[in-house]
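Structure first, then comments.
Bear in mind that the values here come from a model prediction, so they are computed numbers and not experimental data.
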Amino acid sequence: MFRQFEAELVLPAGERSSPAMGSLLHGALMERFPADVAEFLHTQNLRPYSQSVRYEKEAGRTLWRINTLTEELGTLIAGMLSETRELFLRQKGYAIAVQDFHCAAETDDTALADLYFLPDRAPRGAELTFRTTTAFKRDGQYVLLPELYLIVQSLLARWALYCPRVRMDEETLPQQLGAACQISQYALHTAGFSVDGHSLRGFRGMLSVRFAGTDSVRRILGMLMEFAPYAGVGIKTALGMGAVDADVWKGR
């Protein structure tokens with residue numbers, strides 16, 4: 001079961017939120033996890049959760065979003081944060097209030113597969129909105145460009161780990177899917193993200209992608225793009241990077 005939790009954060013007077021606050025909230029979360037759970041999560045290269053912070057200007061609020069990819073972790077976080085009224089940020093030396101914590105969306109791998117493999121028509125594309133700084137790592141080097149192959153590869157890696165009932169094990173699938181994506185429009189800009197005092201560079205903004213290839217390839221791509229908001233894209237998604245919204249064009 002994939003779950004997307006949301007809560008509003010209220011900072012002390014005079015303090016401002018930023019996406020990099022995700023790194024601080026990650027530390028506050030780890031302190032609240034049982035010791036054995038925290039130790040296990042530290043050993044995972046691709047963790048079964050992601051989270052992010054963003055300020056919504058129109059609503060005048062700071063939104064905290066937490067995504068979980070396993071039933072166990074989703075249940076743990078729901079029980080832990082439903083009773084939490086504030087979190088202390090050690091690096092900042094102050095507490096922030098947590099309000100209106102709730103589950104905003106949920107689904108699972110079979111439901112996503114049915115959503116894209118049962119309809120008569122395959123999707124034609126998707127619009128991805130990268131809400132926080134997104135980047136990748138290849139051959140030990142950071143990649144700050146939105147390469148479609150890397151986006152697909154990132155989603156497939158998480159799917160392989162946390163979607164046991166719908167398997168996609170073909171070795172060349174990342175290359176096939178990457179080749180079947182075509183950028184049709186974008187409004188992107190470089191952006192930084194601070195982690196432990198170090199600044200990482202990546203991109204933020206909107207990317208429209210059209211799907212080519214076979215009927216089954218387009219269906220897989222639609223399913224993965226729908227999965228993206230739960231999984232996150234790229235590196236350090238547990239710290240607040242790689243948060244994405246997706247609008248898949250099902251009927252176009």
Side-chain angles (χ1 to χ4, degrees), residues 4-9 11 14-29 45-47 49-67 87 89 91-92 96 104 125-158 178 181-209 224-248:
Q4 188 171 88
F5 300 101
E6 292 182 349
E8 182 179 352
L9 302 179
L11 280 66
E15 300 292 340
R16 298 180 62 183
S17 63
S18 73
M21 186 172 285
S23 179
L24 307 181
L25 287 165
H26 173 262
L29 271 181
N45 183 34
L46 294 176
R47 299 179 185 181
Y49 67 97
S50 60
Q51 52 93 29
S52 62
V53 176
R54 75 170 185 260
Y55 180 70
E56 296 186 326
K57 187 175 181 179
E58 290 185 2
R61 66 169 187 164
T62 298
L63 181 70
W64 185 25
R65 181 173 288 174
I66 307 169
N67 306 295
L87 289 170
L89 304 183
Q91 296 92 329
K92 293 291 187 179
I96 56 174
E127 181 176 291
L128 300 177
T129 303
F130 297 93
R131 299 293 185 183
T132 62
T133 302
T134 305
F136 307 92
K137 205 168 187 180
R138 178 173 56 198
D139 299 329
Q141 301 294 319
Y142 289 108
V143 179
L144 56 77
L145 296 174
E147 295 185 24
L148 295 175
Y149 168 76
L150 294 178
I151 293 173
V152 169
Q153 184 185 52
S154 171
L155 294 171
L156 278 174
R158 288 167 170 82
C181 292
Q182 301 172 353
I183 296 175
S184 60
Q185 189 176 2
Y186 64 88
L188 299 167
H189 59 87
T190 56
F193 192 92
S194 178
V195 178
D196 296 330
H198 300 284
S199 181
L200 300 178
R201 304 296 290 174
F203 61 89
R204 290 178 64 180
M206 180 277 294
L207 179 69
S208 292
V209 180
L224 287 177
M225 298 304 170
E226 195 82 32
F227 177 58
Y230 295 95
V233 172
I235 61 172
K236 302 189 184 300
T237 55
L239 301 183
M241 294 181 67
V244 59
D245 291 337
D247 175 20
V248 181

Taking the side chain as every heavy atom from C-beta outward, state whether Met21 and Leu11 have any atom pair closer than 4.5 Å. yes
Only counting residues at least two apart or in another chain, list the ones meeting salt bridge (charged side-chain N to carboxylate O under 4.0 Å, His left out) with Arg201. none
By side chain to side chain donor-acceptor pair (under 3.5 Å), which residues pair with Gln182, not counting sequence neighbours? none
Treating Asn67 as the side-chain partner and Pro229 as the backbone partner, does any N or O pair qualify as donor plus acceptor under 3.5 Å? yes
For Ala238 against His26, the heavy-atom pair lying closest together: O-CD2, 3.4 Å
Under a 4.5 Å cut-off applied to non-hydrogen side-chain atoms, are Gln141 and Phe136 in contact? no
Who pairs with Arg204 by salt bridge (charged side-chain N to carboxylate O under 4.0 Å, His left out), at least two apart in sequence or on another chain? none
Could you check if a side-chain atom of Glu6 sits within less than 4.5 angstrom of a side-chain atom of Gln4, using non-hydrogen atoms only? yes
Would you call Val195 and His198 a side-chain contact if the rule is heavy atoms closer than 4.5 Å? no
Under a 3.5 Å distance rule, please check whether Ser208 uses its side chain to pair with a backbone N or O of Ser184 as donor and acceptor. no
Heavy atoms of Leu155 and Ala228 approach each other most closely as CD2-CA, 3.6 Å
When you look at Arg65 and Arg54, which way does the side chain to side chain contact (heavy atoms under 4.5 Å, CB included) test go after all the steps? CA-CA 9 Å; Arg65 181 173 288 174; Arg54 75 170 185 260; 3.8 Å; yes
Are Met225 and Leu128 close enough that some pair of their side-chain heavy atoms sits under 4.5 Å apart? yes
Closest heavy-atom contact between Ala28 and Leu89? CB-CD2, 4.3 Å
Listed by chain and number, what are the salt bridge (charged side-chain N to carboxylate O under 4.0 Å, His left out) partners of Glu8, not counting sequence neighbours? none
Pairs involving residues 139-153, ordered by first then second residue, that meet salt bridge (charged side-chain N to carboxylate O under 4.0 Å, His left out) (sequence neighbours left out): Arg138-Glu147
Those residues at least two apart in sequence (or on a different chain) that pass salt bridge (charged side-chain N to carboxylate O under 4.0 Å, His left out) with Glu226 are Lys250
With sequence neighbours excluded, what pairs up with Thr134 under the side chain to side chain donor-acceptor pair (under 3.5 Å) test? none
With a 3.5 Å cut-off and no angle check, do the side chains of Gln51 and Trp64 form a donor-acceptor pair? yes
Return the minimal non-hydrogen interatomic distance between Thr132 and Gly240, and the atom names on each side. OG1-O, 2.8 Å
If I compare all heavy atoms of Ser18 with all of Val53, which pair ends up nearest, and what's the gap? O-CG1, 3.8 Å
How long is the straight-line distance from CG of Leu239 back to CE of Met241, given to the nearest 0.5 Å? 8.5 Å
So, taking the atom named CD1 in Ile235 and the one named CG in Leu200, what distance separates them when rounded to the nearest 0.5 Å? 5.5 Å
For Phe193, what residues pass the ring pair (Phe, Tyr, Trp, His ring centres under 6.0 Å) criterion, not counting sequence neighbours? none
By ring pair (Phe, Tyr, Trp, His ring centres under 6.0 Å), which residues pair with Phe227, not counting sequence neighbours? Phe2, Trp159
Would you say the side chain of Met206 lies within less than 4.5 Å of the side chain of Leu188, judging by non-hydrogen atoms? no
For Gly202 against Ala135, the heavy-atom pair lying closest together: CA-CB, 4.1 Å
For Leu87 and Leu24: C-alpha separation, side-chain torsions, deciding distance, then whether side chain to side chain contact (heavy atoms under 4.5 Å, CB included) applies. CA-CA 10 Å; Leu87 289 170; Leu24 307 181; over 6 Å; no
Results of side chain to side chain donor-acceptor pair (under 3.5 Å) for Thr237 - residues two or more places apart only: Arg158
Inter-residue atom distance Thr129.OG1 - Asp247.CG, 0.5 Å rounding: 8.0 Å
Side chain to side chain donor-acceptor pair (under 3.5 Å) with Thr62: which residues, sequence neighbours excluded? Ser17
Examine Phe203 together with Phe130 and report whether their ring centres are nearer than 6.0 Å. yes
Of all residues at least two apart in sequence or in a different chain, which pass the side chain to side chain contact (heavy atoms under 4.5 Å, CB included) check with Ala157? Leu46
Do Leu156 and Leu224 have side-chain heavy atoms sitting under 4.5 Å apart? yes
Would a 4.5 Å heavy-atom cut-off, applied to side chains only, mark Ile151 and Gln153 as touching? no
Pairwise distance CG(Leu150) to CG(Leu145) - rounded to 0.5 angstrom: 9.5 Å
